[in-house]
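Presented below is the structure to which this report refers.
Chain A is the first sequence line, chain B the second, and so forth, proteins listed ahead of strands; every chain is numbered from 1.
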There are 6 protein chains.
Amino acid sequence: MQLQLSTWHEVQDYLKTSTGVVIPIGSTEQHGPNGLVGTDALTAEIIGRALGEKIGCLVAPTISVGMAVHHMDFTGSMTYRPSTLIAVIFDYVQSLARHGFTRIMFVNGHGGNIATTNAAFYEIYNHRQSDPGKGNQPVKCLLANWWEGPETRKLCADLYPTGHGSHATPSEVAVTWAAYPDRVKYMEMEPEIAPTGRFTDAADYRRRFPDGRIGSNPNLAKIEDGKRLIEASVADLTTTYREFLAA
Amino acid sequence: MQLQLSTWHEVQDYLKTSTGVVIPIGSTEQHGPNGLVGTDALTAEIIGRALGEKIGCLVAPTISVGMAVHHMDFTGSMTYRPSTLIAVIFDYVQSLARHGFTRIMFVNGHGGNIATTNAAFYEIYNHRQSDPGKGNQPVKCLLANWWEGPETRKLCADLYPTGHGSHATPSEVAVTWAAYPDRVKYMEMEPEIAPTGRFTDAADYRRRFPDGRIGSNPNLAKIEDGKRLIEASVADLTTTYREFLAA
Amino acid sequence: MQLQLSTWHEVQDYLKTSTGVVIPIGSTEQHGPNGLVGTDALTAEIIGRALGEKIGCLVAPTISVGMAVHHMDFTGSMTYRPSTLIAVIFDYVQSLARHGFTRIMFVNGHGGNIATTNAAFYEIYNHRQSDPGKGNQPVKCLLANWWEGPETRKLCADLYPTGHGSHATPSEVAVTWAAYPDRVKYMEMEPEIAPTGRFTDAADYRRRFPDGRIGSNPNLAKIEDGKRLIEASVADLTTTYREFLAA
Amino acid sequence: MQLQLSTWHEVQDYLKTSTGVVIPIGSTEQHGPNGLVGTDALTAEIIGRALGEKIGCLVAPTISVGMAVHHMDFTGSMTYRPSTLIAVIFDYVQSLARHGFTRIMFVNGHGGNIATTNAAFYEIYNHRQSDPGKGNQPVKCLLANWWEGPETRKLCADLYPTGHGSHATPSEVAVTWAAYPDRVKYMEMEPEIAPTGRFTDAADYRRRFPDGRIGSNPNLAKIEDGKRLIEASVADLTTTYREFLAA
Amino acid sequence: MQLQLSTWHEVQDYLKTSTGVVIPIGSTEQHGPNGLVGTDALTAEIIGRALGEKIGCLVAPTISVGMAVHHMDFTGSMTYRPSTLIAVIFDYVQSLARHGFTRIMFVNGHGGNIATTNAAFYEIYNHRQSDPGKGNQPVKCLLANWWEGPETRKLCADLYPTGHGSHATPSEVAVTWAAYPDRVKYMEMEPEIAPTGRFTDAADYRRRFPDGRIGSNPNLAKIEDGKRLIEASVADLTTTYREFLAA
Amino acid sequence: MQLQLSTWHEVQDYLKTSTGVVIPIGSTEQHGPNGLVGTDALTAEIIGRALGEKIGCLVAPTISVGMAVHHMDFTGSMTYRPSTLIAVIFDYVQSLARHGFTRIMFVNGHGGNIATTNAAFYEIYNHRQSDPGKGNQPVKCLLANWWEGPETRKLCADLYPTGHGSHATPSEVAVTWAAYPDRVKYMEMEPEIAPTGRFTDAADYRRRFPDGRIGSNPNLAKIEDGKRLIEASVADLTTTYREFLAA
Ligand code: NI
Ligand code: NI
Ligand code: NI
Ligand code: NI
Ligand code: NI
Ligand code: NI
């Protein structure tokens, strides 16, 4: 059930049976020579909405821009400053909490969001718990990366024993291709598997990873893989979400 | 051409021929008994992307949550504080300007965004022009409401001589139904045409407009209207965008 | 009744009969070759205080600097960033609301303030309505431009059928001259009527409107016009304010 | 020379001979049973403008609201949060510095502003000196309390050997009465001379100083005193300003 | 070499041979029945300074308060909001970078700081890389948790095969006791090994972990362990720091 | 009693007998040719902790970085922006107030902190008093400079009839040497007594005071003086703190 495609009465009805909600959060940033700029937002949205369809949970609109300061030397990348992203998440949660939502799970598509999102949760908790007379009910937030559940990890390892890497990975590319099959594009890359390593700011990232990939060979991606990854991730997130509701 | 569905090399190529970009901006808020919570984000996105397809301009990811403080007493509504929305727009523009974009047109779906978006533009202009040594190239921002061009206005007036109103209007509902035909839903409403008037905060809004509509009868909406409205709006915005590029 | 010229006991007494208050808000920015830098603050203050004298409403101190980022390439212009102006208005309203004021009308002298002021109102509404336990009483804010009432518009049209324009207008110049007759100054200008058009940042504004005027011939201004405009605007604002108190 | 009453060309001319400017800064807050709410803004403005008339320096518009958190339990008092006042002063100075002003003297009417204004100066210095490439020219800021020069102090001591106190003082009341003679008002007060002491927040202030005065007997004020105090303060500030220009 | 115990000439000399610096960062929060409130700040400081003594790197003053929102229902705990901690780290780094430091390693004592510190690094990178004309040299930041190097982990596992846990651990308690032997205190605890699990806000934390510990038995701590842990951690951090300087 | 060296149960017990707490606040900045960069933080910490030992009051962790924008052209100096320091103090006080502390005394080692710290107090008071429903208990904050009590002033005057000055003074140097005797260092300085005067930003400061000292001859400092000064200051602060508790 997508919030955007519901009426407010339908949301009111939903709250009678559940106070949980899912928010896809991604990023808009380079994903190597053949990966889409929207990869991280698309994967979060595809999987978040598939979860919503499978288990009927409400899915809020995607946060499409994330914390991608280190990608900014590649054309087309966008970023929120961490302080902006904290404000964005704060307002998402405060809005939903006002209506009675108490379990807010972010389905995340971008590693670069993890630190800032967790910082945002504590900005929210601090606000809600600080002033004694406010009377806010407590709210719980959770960040769930779509790739980190056991089934998804196992499938990734099976599909891509080498060349998975950590940015512009074949798994994330495959998920986007499953949803946007007209975007499939194979290209020669040099080297076939990109280098790995750490990075700091945008200039450092670009110097170390000249075509944007880290450790990956996105040419390994296949639409069929993407379908299986979506299914695996939805299965993992179903467990995560249900445990979260029960916590 | 959607930014999310492009590679960074494709964006780099795009910039060789144009430095313009379109950003849909909407809202997530109640739209009366049968309008979708995402109406304002969906209309902006539908029309912004249709514009992108027609004239080939780049379309950035939609800002789906807007300034909807006054809708917050209706379940499911979400809002950014004006200060958050300013930060969001600031970061969108700074990100794109870094890559060389100089004409940034926001296709807007929500009246409540207009003031804050214009304030944001001047926060940006001030930042870029303030410190002499920064060397930032100038950037121009424009807010274009999808409903305000001459063809669109005329079509609205023709289609809905009465009962158009200003919130949960049949025209915006029709646009969303054209894109999401499974969401068509007609319901009895009382009164048939909602009351009109001004409002301040959320409690005041709810008291004056108990089912969320202002001055409208959304049951007048038809899928066919939506298709024509999209076409009219795209035609209007084509002119607006081209004049903006030339300015 | 000016707040600055009252004792706190007098304000306490005032609140027994009315919870309304008027705040003049203007700008400090170039107004063409013969207009005063303070024009927008002076017009708001002159008319706001005249309203206070006529109907006995309380008038708070003028906000003399506004949002004038686009005027900053003309010497002497001052500006608040939009974010600062939001904070200023927030604190004005929070201060007055604490004492029990519930209807706060800003008499505005500067078009560039409109967007930011409206954004500020929603920053305030959001703050006051957000946390359930706070116990804040609701407050209503209104922005009333001194030139937009029916009598004032009509008089402007009658006095200046051509050459009124939108910045450094003969009407605003006339209002300041009515109050500061020693500042009357006529100068040759080239062209007689300034160009019109849109603008973005300060450099763009200066390039398009080299002497600062937009569409106007301020040499048309006369002290006598100013007196009549003040009277017309006070009449219009009397209606606006009374309706606002009753809303 | 008042900025508000000058044209931008006149300011441009002024800058050819001086890069100094004066900004009156005060407060809007209770001043005891017969003192005006605007006392601190009025005194700063009266004396700042008198200085401008005497020595020809440019006088910017008054900052009428100051840091008066501790007065907020008395009706009619207004306050900026310290963080807002820092932003206000920041924008005043940044605006003026952009045009080439390098010596910015605040004529202050309110003890409660001193800490925050000095904090603001360092927020400004830090901004201007932080990023090496910015190319900002240095700017110097100074806070000058109208009452602290040697002639003014001496005159205060002569006029009010007892009952001067530190809030709602006869000297500040006298200065306002000199400019607004129709506001002269003598009232019985109990005790004749108010108590003295320290305070923290608004509740603490109100409890210790129930009618708002601290250590003063404002009934000692006379219009004639006010005239002499203005003259003495202008003389003192003339010296301060000239030394500041030369520093 | 401690910054606090050096003269500015000595720092100037240091910079001729190295542009690296170490900053201990911890927290001030409950650490169970017998752990010290300052445990996380003390461990970071003890180990950071020991590193400085061993390899001669400069050690800046400790950030003693961290992000401990979830501990705030235990008396004595202090916290920065994440947004404050970002500002603190921003200013630390900007200050040091101004003098030419380019490798800034935070030795961290508190898991709750990790997310916010990493967010802060990207707030800094974004600031320094955003405006083209600024001319800032790049700076690299690194967060190194004192407990995460291979030698330290191995020693922990050897010393505490059970009862180590994740808060108020015997290892961190031992480190503080090694430095403050008069604080050694053994107490009966119930249960001997505290429960484990996740938590959200302060109320949730307190409910799940009533005496403050998570999964630990701090009575296992010994002064002798602490000495060995300090040595192991300094060895690990020596490697980390040297690799960081070389990166 | 140091907070960092206490358990949370001990803090809980402390609160049964006192709701007062002391926070040392200093700065990290150049202190002339032989003074330590940490002088202001060390003096505040040494004296604050000595006070805690003498009278048993709780001493929170030192705020080691202060507002030292004007020292930033000397290597090794660090600074918080005033806005950051306000946030730091805000969070310190909010954290402690949550547990029931109501008298919070900052023992200050740095003149440059005074303005910002006092601004911070009013940011806090405003927050706590603003929203009627919050239910916060009032809290009182006090800034006590270690050097300003009568015994300390007298001792300074006796010890250093000339050459005390206002920055890198022999008294503050002596206090640090008393605690860190291995840091004693005498150096030739030219001139023997540094110049005096006012300053604005970092460049201005450096130009006027090339070796960092203002008006002082730190070679006058002796360890023995430091011991006496600590004792005198602790005596003064004992009185200040007790009066503050009783206020
Ligand atoms: Ni990705
Ligand atoms: Ni709508
Ligand atoms: Ni105007
Ligand atoms: Ni006063
Ligand atoms: Ni710990
Ligand atoms: Ni010092």
### Query
If you round to the nearest 0.5 Å, how far is OG of S95(F) from CZ of R81(E)?
9.5 Å

### Query
Which answer fits L3(F), side chain, backbone, both or neither, if we ask what part of it has an atom under 4.5 Å from a heavy atom of chain E?
both

### Message
Among V11(F), D182(F), T75(F), which residue has the highest count of heavy-atom pairs closer than 4.5 Å to chain E?
### Response
T75(F)

### Task
Flag yes if more than 12 heavy atoms outside E192(E) fall under 6.0 Å of its CD atom; otherwise flag no.
no

#### Entry: Donor-acceptor pair, side chain of R98(F) and main chain of M72(E), under 3.5 angstrom
yes

### Task
With a 4.5 angstrom heavy-atom cut-off, could you sort out which part of E10(E) is near chain F: side chain, backbone, both or neither?
side chain

### Greatest number of heavy atom pairs closer than 4.5 Å to chain F - which of T176(E), L42(E), T84(E)
T84(E)

### Query
What heavy-atom pair brings V37(F) and T7(E) nearest, and what distance separates the two atoms?
CG2-C, 3.9 Å

### Task
Count the heavy-atom pairs under 4.5 Å between each of G212(E), P33(E), A41(E), A60(E) and chain F, then report the option with the highest count.
P33(E)

### Query
Which bit of L58(F) is near chain E, if near means a heavy-atom gap under 4.5 Å: side chain, backbone, both or neither?
neither

### Pairs of heavy atoms under 4.5 Å with chain E: top-ranked of D40(F), T28(F), L5(F)
L5(F)

### Task
Mind ranking R183(E), K185(E), E29(E) by heavy-atom pairs under 4.5 Å with chain F and telling me who comes out on top?
R183(E)

### Message
Quick one, D91(E) and T79(F) - any side-chain contact, counting heavy atoms below 4.5 Å?
### Response
no

### Most chain F-contacting option - heavy-atom pairs closer than 4.5 Å, from Q94(E), H31(E), Q30(E)
Q30(E)

### Query
How are the rings of W8(E) and F74(F) set relative to one another: parallel (under 30°), tilted (30 to 60°) or perpendicular (over 60°)?
perpendicular

Show the atom names and distances, to 0.1 Å, of all donor-acceptor pairs under 3.5 Å that link a side chain in residues 63-70 of chain F to residues at least two apart or in another chain.
none

## Note on the structure
Per-residue tally against chain F (heavy atom, under 4.5 Å) across G32(E), G100(E), G26(E) peaks at G32(E)

### Query
What are the two closest non-hydrogen atoms of L36(E) and Q4(F), and how far apart are they?
CB-O, 3.3 Å

### Task
Below 4.5 Å from any heavy atom of chain E, which atoms of S77(F) appear? Answer side chain, backbone, both or neither.
both

## Note on the structure
When the 4.5 angstrom heavy-atom criterion is applied to F90(F) and chain E, the contacting part is side chain

### Task
Kindly give the heavy-atom pair with the smallest separation between P61(F) and M78(E), and that separation in Å.
CD-SD, 4.1 Å

